[in-house]
Amino acid sequence: MSPAKSDNSVPKSRLLEFYEQMLLVREAENRLSKLFADGEVPGFIHLSVGQEAVCVGVTSALKREDTLASNHRGHGHALSKGVELNSFFLEIMGKEEGICGGRGGSMHVADMSVGMLGANGIVGAGIPLAVGSALAHQVRENGAIAAAFFGDGALAEGVLHESFNLAALWKLPILFVCENNGWSEFSPTDRQFGANVRELAGVFGIPSDYVDGDDVLDVHDAASDLVTAIRAGEGPRVLECVTHRVRGHFEGDSQKYRAEDEMNSLSNHDPIAKLESVISKRRIPKKEVAAIREKIDAKINAAVEAGRAGNAPDFDRAQADVYTAVRGV
Amino acid sequence: MSPAKSDNSVPKSRLLEFYEQMLLVREAENRLSKLFADGEVPGFIHLSVGQEAVCVGVTSALKREDTLASNHRGHGHALSKGVELNSFFLEIMGKEEGICGGRGGSMHVADMSVGMLGANGIVGAGIPLAVGSALAHQVRENGAIAAAFFGDGALAEGVLHESFNLAALWKLPILFVCENNGWSEFSPTDRQFGANVRELAGVFGIPSDYVDGDDVLDVHDAASDLVTAIRAGEGPRVLECVTHRVRGHFEGDSQKYRAEDEMNSLSNHDPIAKLESVISKRRIPKKEVAAIREKIDAKINAAVEAGRAGNAPDFDRAQADVYTAVRGV
Amino acid sequence: MAEVRFGKAVNMALDDALAADPTVILFGEDVAEAGGPFGVTRGLLEKYGDRRVRDTPISEAAIVGAAVGAAMSGLKPIVEIMFMDFVAIAMDAMVNQAAKARFMFGGQCSVPMVLRTPHGGGVNAGPQHSQCLEAWFAHIPGLKVVVPSNPSDANRLLRAAIADPDPIVFVENKAMYSLKGEFDESSEPIEIGKAYVARAGNDVTIVSYGAAVNTALQAADKLASRNISVEVVDLRSIQPWDEEAVLASLSRTHRLVVLHEAVTAFGVGAEIVARMSDIGFDELDAPIKRVGAPFMPTPFAKSLESQYLPNAEDVIAAVEQVLA
Amino acid sequence: MAEVRFGKAVNMALDDALAADPTVILFGEDVAEAGGPFGVTRGLLEKYGDRRVRDTPISEAAIVGAAVGAAMSGLKPIVEIMFMDFVAIAMDAMVNQAAKARFMFGGQCSVPMVLRTPHGGGVNAGPQHSQCLEAWFAHIPGLKVVVPSNPSDANRLLRAAIADPDPIVFVENKAMYSLKGEFDESSEPIEIGKAYVARAGNDVTIVSYGAAVNTALQAADKLASRNISVEVVDLRSIQPWDEEAVLASLSRTHRLVVLHEAVTAFGVGAEIVARMSDIGFDELDAPIKRVGAPFMPTPFAKSLESQYLPNAEDVIAAVEQVLA
Ligand SMILES: Cc1ncc(C[n+]2csc(CCOP(=O)(O)OP(=O)(O)O)c2C)c(N)n1
Ligand SMILES: Cc1ncc(C[n+]2csc(CCOP(=O)(O)OP(=O)(O)O)c2C)c(N)n1
Ligand SMILES: [Mg+2]
Ligand SMILES: [Mg+2]
């Protein structure tokens with residue numbers, strides 16, 4: 001773990017920026033949870049409540065032209081990479097105006113304009129996509145890097161191992177981010193994967209770091225250091241973030257399989273509460289914080305309204321997008 | 001590497017047994033090479049000339065009821081596990097009387113009666129088969145173990161990593177044998193795989209050993225120790241055997257891609273010559289050795305004749321074996 | 001006769017098999033402690049223990065490969081792939097290993113395994129959690145593919161599948177898990193490869209399998225009120241499939257519609273049409289019509305998905321065409 | 001016009017594409033230093049360097065996945081899978097990722113990649129190195145599937161495939177690599193989705209694709225000496241496939257045989273028959289016959305394989321049937 005920089009060295013504006021971004025993810029998901037319960041969001045949704053410090057800490061170390069491949073639990077990755085909030089809600093609510101025309105929903109939010117290559121419904125599948133994206137950056141020499149976000153459960157997929165190997169051999173500019181929340185659906189991951197992602201990376205000669213994934217400042221610092229090395233052409237890096245999944249695997253999961261103790265302790269790990277205590281120690285006026293909360297609330301209310309006002313997607317337009325409109329050969 | 005037992009502790013009969021088995025593999029393959037060049041063996045054949053100490057050293061530590069899953073370079077695995085020589089030649093020559101009815105050929109030699117679950121044309125695919133076989137042994141509590149033979153090139157396949165994980169989690173009775181000959185088809189494996197099989201195994205908590213794969217006594221000792229642990233219920237083990245591929249990737253490959261130095265040095269690694277020098281140091285009469293050579297020659301001549309005398313396979317009989325003959329439900 | 005949910009009927013077949021035969025084992029992601037993502041394997045770990053009922057890591061390639069190896073070594077494994085879309089990662093084990101072992105090893109062994117997996121849409125699970133990929137397996141010599149349409153068949157076909165010596169892909173439609181149907185516990189397993197006339201009729205035959213059989217029955221009901229008598233043939237198994245039964249029905253009705261939820265193009269229906277328009281050429285009074293999903297991935301949005309999935313109206317339109 | 005081998009024609013298309021467009025890259029197992037297992041990529045590493053022409057580890061899932069990611073990020077990757085049988089390991093990247101990205105992301109991106117892979121028997125490579133699995137891909141909305149039948153087409157179709165914005169499976173028949181054919185270097189790329197009348201005729205139409213087109217032409221030759229005039233339609237691309245062209249031919253000859261090397265059951269031919277027996281119902285004077293491999297894995301032994309592979313005699317027998 002890289003030595004955490006003193007919180008005091010972080011400019012106030014940065015703290016509030018992180019706060020705002022994490023809050024955006026949290027409140028967006030809280031609202032999605034409600035919309036789901038009310039039947040306004042169909043399908044499956046996987047919330048990252050409790051994990052906001054990871055997406056915000058890492059993406060704040062990336063540039064807009066950097067690319068990111070995500071997994072099924074990708075709302076935070078999408079929003080913090082810059083997917084516009086209204087089109088995000090419109091998508092998850094299944095509307096034509098959604099970022100993906102309502103065809104993908106929660107598990108497939110993507111926005112090429114901000115380098116978000118998509119949430120992914122196949123565990124592990126985003127990882128080689130990010131490797132390929134890093135290959136593109138390397139070949140095009142555009143200075144950008146790729147990031148792959150995946151959970152601890154994905155460590156058991158062979159394609160992860162293949163991707164580590166390929167990235168290391170080709171010295172690709174890629175940051176592998178493992179969000180280790182200890183669970184893989186309804187099973188504790190230690191019953192599913194007997195190794196450790198950092199040791200595994202080490203076998204391929206990939207340097208790695210490890211942070212408390214509840215601390216956005218630590219995540220950001222660690223990610224920044226790794227990104228600097230990656231951008232300098234030193235090849236891939238792995239960042240393991242230990243974090244906590246607060247909600248069920250998907251909405252509707254009652255989590256009966258988790259011990260009461262564990263459930264009770266979750267609030268101690270809340271990354272937003274952690275940052276709030278830093279903010280309050282720095283004596284940042286309460287009303288500035290309150291203003292942020294209000295701003296976020298307003299944005300989300302507006303996004304939900306936009307989502308409700310969206311139109312049902314047009315079937316023919318959807319079908320027309322199976323292939324690219326024909327050009328001459 | 002386990003400390004090599006003094007050669008003197010190995011009974012003479014054992015030495016000659018190893019010698020005979022290695023010679024059988026060597027001469028069988030030399031003859032296959034010739035038959036291939038003469039058009040009597042169709043398809044692709046991958047010879048293990050130079051690697052005989054691995055199959056013989058390992059299988060001599062196994063029992064008949066133990067199972068073995070092999071790869072494309074599987075002649076040695078098959079013969080040393082006990083596949084009968086005539087039906088082996090008949091198979092590779094594509095005859096009805098072949099062990100697989102001439103339907104599989106070199107890449108698919110299998111013999112369930114001796115636990116040989118098949119050579120395999122898909123790199124890496126035999127590994128999870130062996131894991132499943134080990135699972136069967138564990139569930140059936142039959143005291144048997146499984147072995148998976150694979151090359152260094154297979155280390156890059158994700159399913160290997162998945163298999164290591166699964167075997168470790170379930171403490172399966174399986175020996176993973178990596179025949180590291182430094183080459184993966186026409187490419188040196190160090191340009192393809194940036195890790196090391198023993199370190200990889202270590203990440204999953206799988207103990208491993210490493211031997212000079214040219215020394216059948218060392219291979220046997222190391223395999224025996226690992227097999228003892230596996231049989232005692234201690235879970236999977238990995239054995240890496242460093243060895244040398246003398247012939248091309250397949251017959252017909254001129255190996256222009258290998259340096260002259262490397263080609264010239266191959267004879268220094270010959271496992272049969274190595275064992276011959278042990279035998280001669282032990283003052284075992286030359287004529288006993290000569291008798292073995294003659295015996296093997298005779299057997300192989302007979303097998304080739306049997307192969308030639310075999311019949312073209314019957315098409316309808318082949319098609320009838322796509323499914324098991326129907327039984328009532 | 002009791003009413004049983006589809007998922008429970010599957011569970012009962014698994015339970016019976018585990019009870020009857022110590023070589024039957026069950027594994028897959030979250031099938032043991034959690035009782036399966038759809039609750040289908042609930043209670044089996046408790047009853048049969050963690051040697052025989054196992055949770056696996058998220059390693060589809062290895063677990064299906066392990067099922068093949070176990071089946072070659074004396075067990076009868078039942079492995080679950082959580083969504084049929086994920087078989088894309090496990091095709092080698094099924095197609096290059098399980099399907100070919102018996103043939104390519106000269107009949108030395110069988111591979112008595114069952115891969116259970118849910119297909120189908122209707123739950124807004126989107127493009128990567130809704131596919132019907134059974135046509136892939138039906139094209140592969142050595143595999144059998146079974147797709148039940150109701151709880152009783154699910155139970156009776158699964159029992160037959162587990163008893164079968166060859167590798168079987170057993171496809172459950174996920175939208176059906178909570179649907180109830182009549183089930184007689186004393187019923188026998190159903191022979192794989194035999195179709196069933198789910199409704200007798202004279203004017204037109206609808207051939208289908210899986211959940212779509214119910215769509216066919218709905219359409220038949222509606223058409224009955226218009227005095228159109230529809231015969232519905234439930235294939236039950238698409239590899240092998242019962243061409244005699246389909247031909248027999250066609251020979252009575254002279255008109256055929258083939259329906260499935262999978263994408264029409266290059267789907268299972270194509271084979272049925274190709275075969276019937278050959279061996280049934282002289283029986284056909286009209287071209288055979290196919291009803292299936294259009295040529296696009298399964299969309300997420302409710303409005304899109306409901307237009308995407310073939311429904312009774314689509315079937316009725318096809319029936320009208322073949323009767324025109 | 002020069003004679004060029006099939007493999008060389010593919011090589012020339014790759015060479016041209018690498019020369020013309022710096023975003024084209026090529027990777028696969030042993031494609032760079034060794035020039036490919038069949039020599040098809042020889043010389044490209046030397047010409048375009050190891051940034052753009054790369055050897056990969058034996059990691060089919062990751063390399064095809066990486067091709068998809070690269071194609072989403074500004075490159076035009078060409079990835080090789082050494083034998084089509086091995087795509088079984090890489091189906092997720094093609095089917096769940098490449099095929100669906102454009103659709104499920106609302107048309108935001110295309111996935112301009114080509115997966116090149118050889119299928120087919122005839123070299124006694126046995127059950128795991130001979131399969132023709134193109135029907136799997138043809139069933140998946142979002143993929144295109146191209147299968148050339150001669151060197152010139154291989155070159156011209158591959159150039160079109162590389163230029164195409166969508167993911168393409170480009171299938172080469174391995175037994176054809178060393179076959180020579182006429183090739184005019186100044187020829188244009190061929191539009192994907194258009195069939196070609198390889199031989200005009202009046203009595204019966206044979207529809208085929210890939211190497212089997214040559215079998216059809218052989219059969220046509222032999223039948224000509226018996227005064228049977230055969231039209232041979234080379235589909236060139238099976239997804240999309242040119243149903244207008246096939247229907248047009250059928251409307252002239254009224255008799256149809258569909259031929260491919262793949263297993264007949266649930267193969268590409270099933271779709272062609274299903275479609276033609278629908279839209280061509282009134283044109284058909286006889287049932288459409290299919291010629292393809294029997295329902296078994298590709299056997300190793302020479303004698304078995306030669307009985308297994310569809311040949312001109314089989315085609316002639318089918319033509320006789322439709323003319324009977
Ligand atoms: C290939 C594949 N296998 C299984 C699943 C079902 N599934 C979805 S999420 C998940 C668990 C993933 O755990 P992890 O990677 O730790 O992510 P987390 O949910 O904890 O964020 C599983 C098994 C899937 N979507 N894809
Ligand atoms: C899945 C798959 N990919 C590629 C191949 C082609 N191939 C056959 S052998 C081989 C190299 C294997 O190298 P290694 O595992 O080291 O075995 P060796 O040949 O050295 O014994 C390759 C790439 C294959 N048969 N299967
Ligand atoms: Mg997790
Ligand atoms: Mg090797």
Side-chain angles (χ1 to χ4, degrees), chain C residues 60-61 85-97 99-100 103-104 126-128 131 133 135-142 238-239 258 262-282 284 286-290 293-300, chain D residues 60-61 85-97 99-100 103-104 126-128 131 133 135-142 238-239 258 262-282 284 286-290 293-300:
Chain C
E60 287 79 7
D85 314 71
F86 313 160
V87 294
I89 316 181
M91 291 305 284
D92 179 69
M94 288 310 288
V95 169
N96 289 327
Q97 314 299 329
K100 297 179 174 38
F103 173 87
M104 77 183 165
Q128 293 174 340
Q131 287 167 94
L133 299 172
W136 286 1
F137 298 104
H139 187 42
I140 304 299
I238 57 173
Q239 185 58 267
V258 181
V263 166
T264 303
F266 297 89
V268 165
E271 177 65 27
I272 295 163
V273 176
R275 196 76 190 122
M276 285 304 132
S277 62
D278 181 356
I279 61 178
F281 190 75
D282 294 328
L284 279 169
I288 308 172
K289 291 289 167 189
R290 289 181 287 167
F295 200 60
M296 65 197 277
T298 315
F300 158 71
Chain D
E60 288 78 8
D85 315 71
F86 312 161
V87 295
I89 317 182
M91 292 305 284
D92 179 69
M94 287 311 287
V95 169
N96 290 328
Q97 314 299 329
K100 297 179 174 38
F103 174 88
M104 78 183 165
Q128 293 175 340
Q131 288 167 93
L133 299 172
W136 286 1
F137 297 104
H139 186 42
I140 303 300
I238 57 173
Q239 185 57 270
V258 181
V263 166
T264 303
F266 297 90
V268 166
E271 177 66 25
I272 296 163
V273 177
R275 197 75 190 123
M276 285 304 131
S277 63
D278 181 357
I279 62 176
F281 190 75
D282 294 327
L284 281 170
I288 307 171
K289 291 290 167 190
R290 287 180 290 167
F295 201 60
M296 66 197 279
T298 315
F300 157 70

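Protein chains get the first letters and strands the later ones, always in sequence-line order, with residue 1 at the start of each. The shown structure was predicted, so the numbers you read here are calculated from the model rather than taken from an experiment.
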Trainee: R290(D) vs E271(C), test: side-chain contact (heavy atoms from CB on, under 4.5 Å). Steps then yes/no.
Mentor: CA-CA 11 Å; R290(D) 287 180 290 167; E271(C) 177 65 27; 2.7 Å; yes
Trainee: Which heavy atom of N96(D) sits nearest a heavy atom of Q131(C), and at what distance?
Mentor: OD1-NE2, 2.8 Å
Trainee: Mind checking the NZ-OG1 spacing from K100(C) to T298(D)? Nearest 0.5 Å is all I need.
Mentor: 7.0 Å
Trainee: Is any side-chain heavy atom of S277(C) less than 4.5 Å from a side-chain heavy atom of I288(D)?
Mentor: no
Trainee: What part of V87(C) is in contact with chain D, defined as an atom under 4.5 angstrom from a non-hydrogen atom: side chain, backbone, both or neither?
Mentor: neither
Trainee: Is chain C contacted by the side chain of V258(D), its backbone, both, or neither, given a heavy-atom distance below 4.5 Å?
Mentor: neither
Trainee: Measuring heavy-atom distances to chain D, does F103(C) have an atom under 4.5 Å in its side chain, in its backbone, in both, or in neither?
Mentor: side chain
Trainee: Among A90(D), A88(D), A135(D), P287(D), which has the most heavy-atom pairs under 4.5 Å with chain C?
Mentor: P287(D)
Trainee: Checking L133(D) against I140(C) for the side-chain contact (heavy atoms from CB on, under 4.5 Å) test, could you report, in this order, the C-alpha distance in whole Å, the side-chain angles of both residues, the deciding distance, and whether it holds?
Mentor: CA-CA 9 Å; L133(D) 299 172; I140(C) 304 299; 3.9 Å; yes
Trainee: So which of D278(C), I89(C), D92(C) has the biggest tally of heavy-atom pairs under 4.5 Å with chain D?
Mentor: D278(C)
Trainee: Looking at NE2 of H139(C) and NE2 of H139(D), how far apart are the two atoms once the value is rounded to the nearest 0.5 Å?
Mentor: 11.5 Å
Trainee: If you count heavy-atom pairs under 4.5 Å with chain C, which of A93(D), P127(D), G269(D) comes out on top?
Mentor: P127(D)
Trainee: Let me know if I272(C) has heavy atoms under 4.5 Å from chain D in its side chain, its backbone, both or neither.
Mentor: neither
Trainee: Heavy-atom pairs under 4.5 Å with chain D - which of G126(C), G267(C), G142(C) has more of them than the others?
Mentor: G267(C)
Trainee: Would you mind checking which part of A138(C) comes under 4.5 Å of any heavy atom in chain D, side chain (CB onward), backbone (N, CA, C, O), both or neither?
Mentor: both
Trainee: Measure the spacing between CZ of F266(C) and CD of Q239(D) and express it to the nearest 0.5 Å.
Mentor: 5.0 Å
Trainee: After noting the C-alpha distance and the side-chain angles of V95(C) and D85(D), does the key distance pass the side-chain contact (heavy atoms from CB on, under 4.5 Å) rule?
Mentor: CA-CA 9 Å; V95(C) 169; D85(D) 315 71; over 6 Å; no
Trainee: Under 4.5 Å from any heavy atom of chain D, what part of A286(C) do you find: side chain, backbone, both or neither?
Mentor: backbone
